[in-house]
**Student:** 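Sharing a structure with you now.
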Amino acid sequence: YENQGFDDKALELYLRSLKLEEELKDTAKLGYCYNNLGFVYNTLKQKEKAFQSFKKSIYFNEKSGNKKALAVALGNVGYYYNDKDMLDSALYYLRASLKIRRELNDKRGIAVCLENLGVTSHKSGKLNEAIDYTQPIALSRIYEESSSSIDHKIKMPEQLNPSTYEAPNPNVRMVCY
């Protein structure tokens, strides 16, 4: 329902699912439920509820050992803090997400984290750091475009716009996972 724009119905079903997972005490599924709830709350402009859901997702994903879901939740908390202009906190959570994404060799997740770190660093006035974060993305895009005959190209997410890599634009919205 969420992907089709029926956010109220999605919220209702996620809350019902959450109740069942709480009864079952399934920490891994609770982590997913809270992250999904965070997405819906974010879409419904209920930012504080989204933030609380993402924080609970971190707790349950740490408890269950689900590193990929943990990286997503950490990134979403970083996204929240960036939106609130709490940039040091945003950078902390985004770096934590990036660390896990690198451990997992999650290329798409790494690219999203680097882009978000670039946007947040630029927004906080750390221009050299912003360039350091976004330069690998730009270089991999150039590599991808120049080596179309090579089968092992690095694939980057569709949302990333290569025209923003020269100097990250502080008005660019971050990518929510």
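Remember, it's a predicted structure, so these values are computed and weren't measured experimentally.
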**Student:** With no hydrogens and no angle check, is any side-chain donor or acceptor of Thr43 less than 3.5 Å from a backbone partner on Phe39?
**Tutor:**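 Yes, the answer is positive, given that a donor and an acceptor are paired below the 3.5 Å cut-off.
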**Student:** Look at Glu22 together with Lys19 and state whether they make a salt bridge at an N to O cut-off of under 4.0 Å.
**Tutor:** no
**Student:** With rounding to the nearest 0.5 Å, note down the distance linking NZ in Lys123 to CG in Leu87.
**Tutor:**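 Output value for this atom pair is 5.5 Å.
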**Student:** Please say yes or no: joined through hydrophobic side-chain contacts below 4.5 Å, possibly via intermediate residues, are Leu18 and Tyr59 part of one cluster?
**Tutor:**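 Same cluster: Leu18 reaches Tyr59 through Ile, Leu, Val, Met, Phe, Trp or Tyr contacts under 4.5 Å.
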**Student:** Could you tell me whether Lys55 and Glu48 make a salt bridge, using a distance below 4.0 angstrom between a side-chain N and a carboxylate O?
**Tutor:**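 So Lys55 does not pair with Glu48 through a salt bridge.
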**Student:** Does the pair Asn82 and Asn116 meet the rule for a side chain to side chain donor-acceptor pair (under 3.5 Å), with working shown?
**Tutor:** CA-CA 9 Å; Asn82 181 70; Asn116 290 343; over 6 Å; no
**Student:** Just jot down the ring pair (Phe, Tyr, Trp, His ring centres under 6.0 Å) partners of Tyr81, sequence neighbours excluded, or say none.
**Tutor:** Phe51, Tyr93
**Student:** Testing the basics here: between Asn61 and Ala69, what is the closest heavy-atom pair and its distance to 0.1 Å?
**Tutor:** OD1-CB, 3.3 Å
**Student:** Shortest non-hydrogen contact from Leu98 to Leu114?
**Tutor:**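 Looks like CD2-CD2, 3.9 Å.
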**Student:** Please confirm whether the ring centroid of Phe54 lies under 6.0 Å from the ring centroid of Tyr34.
**Tutor:**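 Ring centres of Tyr34 and Phe54 not closer than 6.0 Å.
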**Student:** Considering all heavy atoms of both residues, which atom of Ala10 and which atom of Val40 are nearest to each other, and what is their separation?
**Tutor:** CB-CG2, 4.1 Å
**Student:** Kindly say whether Ser53 contributes a backbone atom to a donor-acceptor pair with the side chain of Ser57 at under 3.5 angstrom?
**Tutor:** no
**Student:** Taking atom NZ of Lys126 as the centre, report whether more than 12 heavy atoms of other residues, nucleotides or ligands fall under 6.0 Å from it.
**Tutor:**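 Correct, the count exceeds 12.
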**Student:** Using the side chain to side chain donor-acceptor pair (under 3.5 Å) criterion, which residues pair with Glu23? Sequence neighbours excluded.
**Tutor:** none
